[in-house]
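All of these numbers come straight from a predicted model, not from anything done at the bench.
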Amino acid sequence: MRMDPGEVLVFGLVLVIIVVSLLSNVLVLVCFLYSPEIRKQAPGLFSLNLTFCNLLLTVANMPLTLAALVSRAQPGGDALCQAAGFLETFLSTNSMLSMAALSIDRWVAVVFPLRYHSKVRHKDAALVLGYTWAHSASFSTAAACLSFLGYQRLYASCTLAHPKAGGRTQFVVFTVFFHSFTFLLAFVVLCVTYLKVLKVARFHCRRIDVITMQTLVLLVDIHPSVRQRCLEEQRRRRQRATRKISTFIGTFMLCFAPYVITRIVELFPWVPISPHWGAMSKCLAYSKAACDPFVYSLLRHQYRKTCGDIVNRLLKRRSLNAAARGFESQGSSIPRVE
């Protein structure tokens with residue numbers, strides 16, 4: 001059975017997401033294992049947990065969606081699909097709560113910089129991770145016990161699914177409760193913490209701007225180009241904080257909101273939902289696994305430096321091996337004197 005253009009588009013997007021997610025999340029994992037500086041920081045545990053969730057989702061769930069798009073049917077038997085649905089529910093919840101934990105960590109670091117290391121230790125991070133795992137496991141287990149896991153053709157994936165025999169009211173209550181305590185909870189935490197971080201960052205920028213302007217007024221003989229560069233740096237500093245906060249909250253909403261809203265609208269049977277839109281919303285939710293390594297890790301200075309160190313080490317080793325092979329070939333070409 002041939003796929004229509006919409007299904008081909010979704011298939012191609014999911015395939016690209018799988019490749020990008022695998023490469024980027026593995027790179028984050030390599031950086032974590034390579035750099036002692038990253039490992040000794042408590043937020044590294046949150047990033048590591050988010051990376052593992054994204055990798056498992058990429059390896060276990062996304063290929064099943066590809067198979068469902070090709071066959072237009074449930075991939076595998078009921079047991080496999082229910083296991084995949086359990087894993088998808090657990091991993092999606094865990095990843096959202098990990099993002100919320102990272103935002104709380106940023107808030108503590110910015111608002112309480114002098115007490116940050118005493119407030120956020122590895123033991124504290126481990127306790128927070130323990131809560132995220134317990135929270136995620138409770139919803140996944142409840143869905144499995146209530147038989148709310150299965151194949152959803154609308155999303156071409158094994159996920160939360162309405163039971164075939166009755167239980168509609170329970171499913172509606174569970175779905176609303178689940179998304180309220182995963183997506184909505186994480187979104188509120190992200191907004192509250194990052195907006196407080198932005199407020200503090202703008203306050204510090206204003207203080208720096210005042211000091212800079214006073215300095216420029218005192219330095220009457222300063223060259224106009226230097227004065228212009230100082231003013232440009234002020235403007236970039238103000239925009240940088242806003243851009244980072246917008247990226248954190250914007251990618252979360254762009255990737256998860258369409259899927260969650262579709263799941264809520266799905267509860268009203270008289271509202272038609274296009275299968276193409278359902279698959280596309282699932283594709284957007286999957287895309288967060290490919291975005292997270294860049295948003296939370298790879299674009300940070302420590303990870304960029306670690307990536308550069310790894311590349312330099314590989315190139316240096318390769319050049320040393322090439323030099324050694326060249327030396328051996330030169331040595332073999334020299335005639336021996338008997």
Is Leu185 reachable from Leu127 through a run of hydrophobic residues whose side-chain heavy atoms are each under 4.5 Å from the next?
no

If you take all heavy atoms of Ser138 and His135, which pair is closest and at what distance?
OG-O, 2.6 Å

Polar side-chain atom of Ser92 near backbone of Thr89 as donor-acceptor pair, under 3.5 Å
yes

What's the separation between atom CG in Asn94 and atom CG in Asn49, rounded to the nearest 0.5 Å?
4.5 Å

Steps toward side-chain contact (heavy atoms from CB on, under 4.5 Å) verdict (Thr175, Glu266)
CA-CA 10 Å; Thr175 302; Glu266 178 197 351; over 6 Å; no

Do Tyr296 and Phe248 have ring centres separated by under 6.0 Å?
yes

Check whether any side-chain heavy atom of Leu97 lies under 4.5 Å from a side-chain heavy atom of Thr182, and answer yes or no.
no

Under the side chain to side chain donor-acceptor pair (under 3.5 Å) rule, what pairs show up with a residue in residues 56-68, not counting sequence neighbours?
Ser21-Thr58, Thr65-Tyr286

Looking at Cys158 and Cys81, are the sulfur gammas closer than 2.5 Å to each other?
yes

Can you measure from OG (Ser147) to CD (Gln170) and round to the nearest 0.5 angstrom?
10.0 Å

Tyr155 versus Met280: any side-chain heavy-atom pair under 4.5 Å?
no

Given side-chain hydrogen bond (donor to acceptor under 3.5 Å, both in side chains), test Ser103 with Thr193 step by step and report yes or no.
CA-CA 6 Å; Ser103 70; Thr193 53; 3.1 Å; yes

Does a side-chain heavy-atom distance below 4.5 Å link Phe32 with Thr51?
no

Assess the pair Phe183 and Phe252: is the distance between their ring centroids shorter than 6.0 Å?
yes

Transitive ILVMFWY side-chain link Val10 to Leu15, under 4.5 Å:
yes

Distance-only donor-acceptor check, side chains Gln152 and Thr159, under 3.5 Å:
no

Nearest-0.5 Å distance, CG of residue Leu198 to CZ of residue Arg106
14.5 Å

Candidate pair Ser297 and Cys31, rule side-chain contact (heavy atoms from CB on, under 4.5 Å), full reasoning:
CA-CA 9 Å; Ser297 300; Cys31 291; over 6 Å; no

Looking only at non-hydrogen atoms, find the nearest pair between Arg304 and Leu298 and report the distance.
CG-O, 3.2 Å

Validation row, ring centre Trp107 to ring centre Tyr194 under 6.0 Å
no

Can you give me the closest heavy-atom contact between Ile264 and His179, atom names plus distance?
CD1-CD2, 4.2 Å

Please report the closest heavy-atom contact between Lys282 and Tyr259, naming both atoms and the distance.
NZ-OH, 3.3 Å

Rounded to the nearest 0.5 Å, how far apart are NE2 of His276 and OG of Ser281?
12.5 Å

Does a side-chain heavy-atom distance below 4.5 Å link Phe187 with Ile249?
yes

Provide the closest heavy-atom pair for Ala143 versus Leu149 in the form atom of the first, atom of the second, distance.
CB-CD2, 3.8 Å

Which heavy atom of Phe256 sits nearest to which heavy atom of Ser95, and what is that distance?
CZ-OG, 4.5 Å

State plainly whether one hydrophobic cluster holds both Leu129 and Val108, where clusters connect Ile, Leu, Val, Met, Phe, Trp and Tyr through side-chain heavy atoms under 4.5 angstrom apart.
yes

Is there a donor-acceptor contact under 3.5 Å from the side chain of Asn54 to the main chain of Leu50?
yes

Give a yes or no on whether Val30 and Val59 share a hydrophobic cluster (residues Ile, Leu, Val, Met, Phe, Trp, Tyr; joining criterion: side-chain heavy atoms under 4.5 Å apart).
yes

Should Glu37 and Lys305 count as an ion pair when the cut-off is N to O under 4.0 Å?
no

Should Phe171 and Leu146 be marked as a side-chain contact (heavy atoms from CB on, under 4.5 Å) after you check the CA-CA gap, both sets of side-chain angles, and the distance that decides it?
CA-CA 9 Å; Phe171 181 74; Leu146 295 172; over 6 Å; no

Phe174 side chain near Leu160 side chain, heavy-atom distance below 4.5 Å:
yes

Start with the C-alpha distance between Gln74 and Arg153, add both sets of side-chain angles, then the distance that settles side-chain contact (heavy atoms from CB on, under 4.5 Å), and finish with yes or no.
CA-CA 8 Å; Gln74 175 178 316; Arg153 185 178 180 183; over 6 Å; no

What's the spacing between Leu87 CG and Cys53 SG if we round to 0.5 Å?
9.0 Å

Checking the side chain of Asn312 only, and the main-chain atoms of Gly308 only, is there a donor and an acceptor separated by less than 3.5 Å?
yes

Quick one: does Arg39's side chain have a donor or acceptor within less than 3.5 Å of a partner on Leu33's backbone?
yes

In this structure, which one of Leu195, Val188, Val189 forms a side chain to side chain contact (heavy atoms under 4.5 Å, CB included) with Val192?
Val188

Below 4.5 Å, heavy atoms only, C-beta onward: do Leu267 and Val176 meet side chain to side chain?
yes

Side-chain donor/acceptor of Ser136 to backbone N/O of Trp133, under 3.5 Å:
no

Run the salt-bridge test on Asp309 and Arg313 with the 4.0 Å N-O cut-off and return the result as yes or no.
no

Are the side chain of Ser140 and the backbone N or O of Phe90 linked by a donor-acceptor pair below 3.5 Å?
yes

With no hydrogens and no angle check, is any side-chain donor or acceptor of Asn25 less than 3.5 Å from a backbone partner on Ala289?
yes

With heavy-atom distances below 4.5 Å as the criterion, would you say the side chains of Leu102 and Ser47 are in contact?
yes

Hydrophobic cluster membership, with links at side-chain heavy-atom distances under 4.5 Å among I/L/V/M/F/W/Y: are Met253 and Leu284 in one?
no

The reported gap from OG1 in Thr306 to NE2 in His301 (rounded to nearest 0.5 angstrom) is 8.5 Å

Between Pro269 and Arg168, is any pair of side-chain heavy atoms under 4.5 Å apart?
yes

